[in-house]
Peer 1: 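Here's a structure for you.
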Number of protein chains: 2
Amino acid sequence: MKTSKRPRAPLRQSYHHGDLRAALLAAAARLLEKEGAEAVSFRAIAREVGVSQTAPYNHFESKEHLLATVAEDGFRSFVVLQRAAARTRLPRRRLQALGRAYVGFASAHPQLYRLMFGVGLADWKRYPSLVEAALESCIPVQQALADLPSGEDGSCWVATWAMVHGLASLLIDGKLGPSDADRLADRAVGWYAALLFGDDR
Amino acid sequence: MKTSKRPRAPLRQSYHHGDLRAALLAAAARLLEKEGAEAVSFRAIAREVGVSQTAPYNHFESKEHLLATVAEDGFRSFVVLQRAAARTRLPRRRLQALGRAYVGFASAHPQLYRLMFGVGLADWKRYPSLVEAALESCIPVQQALADLPSGEDGSCWVATWAMVHGLASLLIDGKLGPSDADRLADRAVGWYAALLFGDDR
DNA sequence: CTTATATATTGACGTTGTCAATATAGAAGC
DNA sequence: GCTTCTATATTGACAACGTCAATATATAAG
């Protein structure tokens, strides 16, 4: 019988390779961030781990499925950062902290961010756990906006998300100039936060 | 000689196409918008035009060069729309019109917009005419912001561009819900424009 | 031990971007 | 007219890609 310690574990994860599934995800994430999105091929991932080109098909039905899982893991670590930033006391600083955490995550993991928030996954709606993780990661910002003195409606949330997402995208896509990008971005976030509160500085 | 053989009847009468370069650009733009970015292959473009797979290499040194030219053409038609919107009299309405034209262009040509403002071109700086066209397309918004009563600095321009670009990206990448996307976007732009002017509604 | 099953490999197919060599058409020079 | 030159187009090939089918193997179950 199986060990009662593991409540689930209907699938033994240790076999030829040991834990190929986790190794594939780690290799994919590493390749994605280091070599760029174009270099992430199913075969390259398998090569990196040291298995044959079709071994991953025992764990992921397609390349997109693997990438969707990488993105899902990305959301899970992203939401941790967002929750940490949301613990800031003052509402204004809280929103600033959330924005900085958002842009900071994108700057730290540009390829992963693109995979999560871009069009890397053609039909990401086919992966429910990915959708769930993505929606969950939006909660802190939505909550912070709802806590504002002047309760805003949905358009405020959309505008805020658009502002931060656009800033992150422009930054990591190299559209904002070489050196002063971060400084400018920080000022833009601050300026926007000030706008939200109606006062300046 | 070859008359007896005739291995393969060419799809057109003359050996030389005439204006292959323009035909390739048109086919690429059509394929891009209709079939999606993933379906745009060098060979598919050639197939669409009716030439062999390597014929395009006489006009574009690589697939990326062709796509960069498509993007450049995109900027040239985009800037026309921006200039038209910039002719709006009242500064506030002018900024709104620019924002609507921006988001409208992205909604009308999502794949082209992604190619222009996203990471479709890995090293777009290698194509000077593309860079020039891209920079030129930013002038109307920058001008409109400079004409605001409260002259803002660079961070305001960045924040504005980020807001509009983020909105467009979220829209065309399907992150904003199915139906009410456009309405929400319009309200967000208006809300943002109101913020810029310090008055509401 | 035998069997069953989950996992991994080999080999193949059609696709892609791109290169090298070759063929053709139309213009320039005689 | 003919020849030659050059721009353009074609064929064929190569490695790499995603994915499928058939096969092998190592552990778990009986």
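Proteins get letters first, then strands, A, B, ... in listed order; numbering begins at 1 in each. As the structure is a prediction and not an experimental result, all values here were calculated from the model.
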Peer 1: Counting just side-chain N and O atoms, does B:S41 come under 4.0 Å of either OP1 or OP2 of C:dT16?
Peer 2: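 Yes, such a contact exists.
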Peer 1: Quick one: does A:Q96's side chain get under 4.5 Å of A:T88's, heavy atoms only?
Peer 2: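 A side-chain contact is absent here, since even the closest heavy-atom pair is not under 4.5 Å.
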Peer 1: To the nearest Å, how far apart are B:I45 CD1 and C:dG17 C1'?
Peer 2: 12 Å
Peer 1: So, OP1 or OP2 of D:dT10: does either fall under 4.0 Å of a side-chain N or O from B:R43?
Peer 2: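 Negative; the distance criterion is not met.
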Peer 1: Would the base of D:dA9 count as contacting B:N58 through its side chain, where contact means a donor and an acceptor less than 3.5 Å apart?
Peer 2: yes
Peer 1: Between atom CZ in B:F42 and atom C1' in D:dT10, what is the gap in whole Å?
Peer 2: 15 Å
Peer 1: Given atom CG of A:D19 and atom C1' of C:dA6, what is their separation to the nearest angstrom?
Peer 2: 14 Å
Peer 1: Between D:dA7 and B:H59, is there an OP1 or OP2 to side-chain N/O distance shorter than 4.0 Å?
Peer 2: no
Peer 1: If I take atom CZ in residue B:R47 and atom P in nucleotide D:dT10, what distance separates them, rounded to the nearest angstrom?
Peer 2: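 Rounding to the nearest Å, CZ of B:R47 and P of D:dT10 are 14 Å apart.
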Peer 1: Compare the minimum distances between each of D:dC20, C:dA8, D:dA9 and the side chain of A:Y57, then state the nucleotide with the smallest one.
Peer 2: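 For the A:Y57 side chain, the nearest candidate turns out to be D:dC20.
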Peer 1: Under 4.0 angstrom, heavy atoms only, what part of the nucleic acid is B:R21 near: base, sugar-phosphate, or nothing?
Peer 2: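 Contact class for B:R21: none.
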Peer 1: Heavy-atom distance under 4.5 Å between the side chains of B:Y127 and B:E64, does that happen here?
Peer 2: yes
Peer 1: What is the distance from NE2 of A:H65 to P of D:dT19, rounded to the nearest Å?
Peer 2: 12 Å
Peer 1: Checking contacts here: which listed nucleotide (C:dG17, D:dA9, D:dG18) is nearest the side-chain heavy atoms of B:S52?
Peer 2: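 Of C:dG17, D:dA9, D:dG18, D:dA9 is nearest to the side chain of B:S52.
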Peer 1: A:T54 near the nucleic acid: base, sugar-phosphate alone, or nothing, with a heavy-atom cut-off under 4.0 Å?
Peer 2: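 It contacts base atoms.
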Peer 1: Given atom CD of A:E64 and atom C1' of D:dC17, what is their separation to the nearest angstrom?
Peer 2: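 These atoms are roughly 16 Å apart.
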Peer 1: Can you tell me the distance, in whole Å, between the CD atom of A:Q53 and the P atom of D:dC17?
Peer 2: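 Rounded to whole Å, this separation is 10 Å.
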Peer 1: Are any non-hydrogen side-chain atoms of B:S169 and B:Y113 less than 4.5 angstrom apart?
Peer 2: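 Answer yes - side chains close enough.
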Peer 1: Give a yes or no on this: more than 12 heavy atoms of other residues, nucleotides or ligands lie within 6.0 Å of atom CD of B:Q142.
Peer 2: yes
Peer 1: Please state how far atom NZ in B:K63 lies from atom C1' in C:dC19, giving the value in whole angstrom units.
Peer 2: 17 Å
Peer 1: Test salt bridge (charged side-chain N to carboxylate O under 4.0 Å, His left out) on A:R126 and A:E61; report intermediate values, then the result.
Peer 2: CA-CA 12 Å; A:R126 287 195 47 200; A:E61 65 181 10; 3.7 Å; yes
